[in-house]
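The structure appears right after this line, and notes come after that.
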There are 2 protein chains.
Amino acid sequence: MDSPKIRNMEEFAAFSGISRPTVSKYFNDPKSVRRTTREKIEKALEECDYRPNFFAVNQNRKLTKNIGIVVPYLADPFFAEIARRIETLVIGSGYTPILLSSHGDPALEAENLNSLRAIKPAGVLLAPLGRISDRDILEAFCADFPTVNFDANIDGIGEVFVGHNNAQATEVMIQYLVRSGEPPAFFEMRTPPNPNANKRRLAYIETMERLGLSPHIIQVKGEGWDFEDIGFRGGKNVLSKSDLPSKTIFCSNDRLAIGFLAAAYEAGHRVGIGDDCSLRVAGHDNHPFSRFTCPTLTTISHDYSAIATRGVETVLSLIDSGAHAESRQMVLFDGELIMRASA
Amino acid sequence: MDSPKIRNMEEFAAFSGISRPTVSKYFNDPKSVRRTTREKIEKALEECDYRPNFFAVNQNRKLTKNIGIVVPYLADPFFAEIARRIETLVIGSGYTPILLSSHGDPALEAENLNSLRAIKPAGVLLAPLGRISDRDILEAFCADFPTVNFDANIDGIGEVFVGHNNAQATEVMIQYLVRSGEPPAFFEMRTPPNPNANKRRLAYIETMERLGLSPHIIQVKGEGWDFEDIGFRGGKNVLSKSDLPSKTIFCSNDRLAIGFLAAAYEAGHRVGIGDDCSLRVAGHDNHPFSRFTCPTLTTISHDYSAIATRGVETVLSLIDSGAHAESRQMVLFDGELIMRASA
DNA sequence: TAATAAAGTTTACGCGAGTAAAGAATAGGA
DNA sequence: TCCTATTCTTTACTCGCGTAAACTTTATTA
């Protein structure tokens, strides 16, 4: 009997002894009411656990308290991890995160943006699919809602891009690999869905040439987001021909590397830095599973934490300022070399 | 100029030449209006891409078109995968999925259920955290919304439980392992968060005894959801002592097995079924990554597809019937042995 | 203590749709 | 062609809360 059934704000206001408009003001921003009033409301709140109706609240507000988060492929723990961090930060800021995954499908990505429209988000953090995204749809969406583009940079999408410094990260890894052994060949998909792959290839070529080394690029076939499988098949194929341009393989991302390691294992290669090893393999992303490959994967970490934090900070400031940024900004965070056993 | 700005259903009704109540009826169920009327509305729809306001639609309806999906830990690809399937089925049924992850935290799980309340879901698919869940909160929630419990069976939670047949699956694996080599020891966490682990241990003991073999259980310490790490540390510890009760290790789940394999690799063990191998390792779940471990992991697959399909079908029928089920049902789908290289 | 700014109360309207009721229009069958 | 069962249209009310305006009460300051 301690909690009377409160049906709406009217009844809650009566229960708390405060007028409804003031209660409404409180829910919008608790600090906007006098301390004594706030305490009365919060006391009442403890006694009857009322919550304003989500739908009614958002119907009339020009600006909701929802923040959309769109990722290309949630079944990839990399995105699950960054989404988790972003969600936590969004909640901490008093907003409601709406997480959507495009599951690798551009039609679903478009549909997700449509769903978000219906929710009138105050702001959006968008990691697009990349090459296969429908650019026009993304652009139209970004014109209507304050959007921060992250992970996959698509020119003109979002007021700001927050992401990983592929050029710096690639260079750091190459420097390390060159210093510690044979210069690396670059292993990637021929038609990667994600634009980061292209940045990494270019950075590889440029760095190698600057070091006076000749770049070797191994491109394997495969479509979609099943990267481990593509790395595995491609790796198997490449290793069977035994015409590797280098014994050091720098994979475009960790998921490819995981597949490649599996292929190398199956082919009887010993991977690592010891004298008894016939291959070195490195990845890129510091994927959550890279700590548990055999051998553990040497890779480059994104600054997950900085990217998530800056991303959320940026949407919030876009929301506050209301205005569109004058020019699109790019914020890149440096990667960190993670030395493990594979290279 | 082809799309006039339509602000609400009133304007859209005028544009389409049909009255607003009829248009409203159409959006509720297109088949509830005459064919000719439907065609007029759909023609208008193509010309101006109007969508009913999500918030206004849901405000007055006793039953929304939202279906909540709550998973314990989305960064685990296993859950990401099953969530993906469920989402797809829900969308295909004309409902809007709302996916929430508890990130291993009971407070967040409770908060997620609270958020769902606000959205008045027509139904919910709930995979609880398990041992650490706040049972009272789950129960209170299930009393208010038609809920299907999946993955982790908690007695009394949800009208129906849909899940994996741990007993059958465990037995199948043991039969296989016993037939093909040394009887397995069971490797698990001492305090697993998920109730499936307990079912598997009991099934292991029972099956071993029935076969006239003595069960050996290896319990390693560790809290939380970082299973690979727990498997790795625990495995390392166990392997260093070289007092393994068996050379065949049956891990309680694939993520532990992945960690264990990494530990075995580091300790210089060759894992597999060949004569040159000193260990066999098996898992349970057919985790998306189990195809790419070194060696590839022998495991037991959940019937993902059947679980997702039945789960969604069940919520939908609960929603249709409106009534609570008379007694809680349990639907279990058998697992399938996936033979790979590790055992 | 009086003046004034700040915060609360009352009253009233709006949002965008769901939905009920009564009457008009349409379709299908005899 | 007429009759009846459907389906639409009109009209009107509801939901739960945001928000504006005018007024009253409470804090702050001089």
I'd like to check the side-chain hydrogen bond (donor to acceptor under 3.5 Å, both in side chains) partners of [X]; sequence neighbours left out, ordered by chain and number.
{"X": "A:Asn58", "answer": "none"}
{"X": "A:Asp105", "answer": "none"}
{"X": "A:Asp134", "answer": "none"}
{"X": "B:Glu109", "answer": "B:Ser133"}

Side chain to side chain donor-acceptor pair (under 3.5 Å): pairs with one or both residues in residues 78-89 of chain A, sequence neighbours excluded: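 Those involving residues 78-89 of chain A are A:Glu81-A:Arg84, A:Glu81-A:Arg85, A:Glu87-B:His103.
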Sequence neighbours excluded, every pair satisfying side chain to side chain donor-acceptor pair (under 3.5 Å) that has a member inside residues 111-121 of chain A: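 Residue pairs passing side chain to side chain donor-acceptor pair (under 3.5 Å), neighbours aside: A:Arg117-A:Asp144.
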Could you pull out the protein-nucleic contacts involving nucleotides 2-6 of chain D (nitrogen or oxygen on both sides, under 3.5 Å)?
none

Between the protein and nucleotides 10-12 of chain D, list the N/O to N/O atom pairs that are separated by less than 3.5 angstrom.
{"residue": "D:dA12", "atom": "N6", "partner": "B:Arg20", "partner atom": "NH2", "Å": "3.4"}

Along DNA chain D (nearest heavy atom to each residue), the more 5'-positioned of A:Asn53 and B:Ile18: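 Closer to the 5' end of DNA chain D: B:Ile18.
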Of B:Gln59 and B:Ser32, the one whose closest DNA chain D nucleotide lies more 5':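 The 5'-side residue here is B:Ser32.
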Atom-pair distance (CG on A:Asn60; P on C:dG16), nearest Å: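 From A:Asn60 CG to C:dG16 P: 8 Å.
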Whole angstrom value for the distance that separates P of D:dG16 from CG of A:Asn58: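 For the pair A:Asn58 CG and D:dG16 P, the rounded distance is 15 Å.
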Interface with DNA chain D, restricted to residues 36-46 of chain A and to heavy atoms under 4.0 Å: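 Listed by number, there are none.
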Aromatic ring proximity B:Tyr73/B:Phe78, centre distance under 6.0 Å: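 That pair fails the under 6.0 Å test.
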Touch class at under 4.0 angstrom, heavy-atom based, for A:Phe12 against every strand present: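 Since no nucleic acid heavy atom lies under 4.0 Å of A:Phe12, the category is nothing.
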Residue pairs passing the salt bridge (charged side-chain N to carboxylate O under 4.0 Å, His left out) test where at least one lies in residues 21-33 of chain A, sequence neighbours excluded: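 Counting only pairs at least two positions apart or across chains, no salt bridge (charged side-chain N to carboxylate O under 4.0 Å, His left out) contact touches residues 21-33 of chain A.
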Selection residues 25-44 of chain A - residue pairs positive for ring-ring contact (aromatic ring centres under 6.0 Å, His included), sequence neighbours left out: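 Every ring-ring contact (aromatic ring centres under 6.0 Å, His included) pair that includes a residue of residues 25-44 of chain A, provided the two are not neighbours, is A:Phe27-A:Tyr50.
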Counterpart residues, salt bridge (charged side-chain N to carboxylate O under 4.0 Å, His left out), relative to A:Glu139 (two or more places apart):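 Salt bridge (charged side-chain N to carboxylate O under 4.0 Å, His left out) check on A:Glu139 returns A:Arg135.
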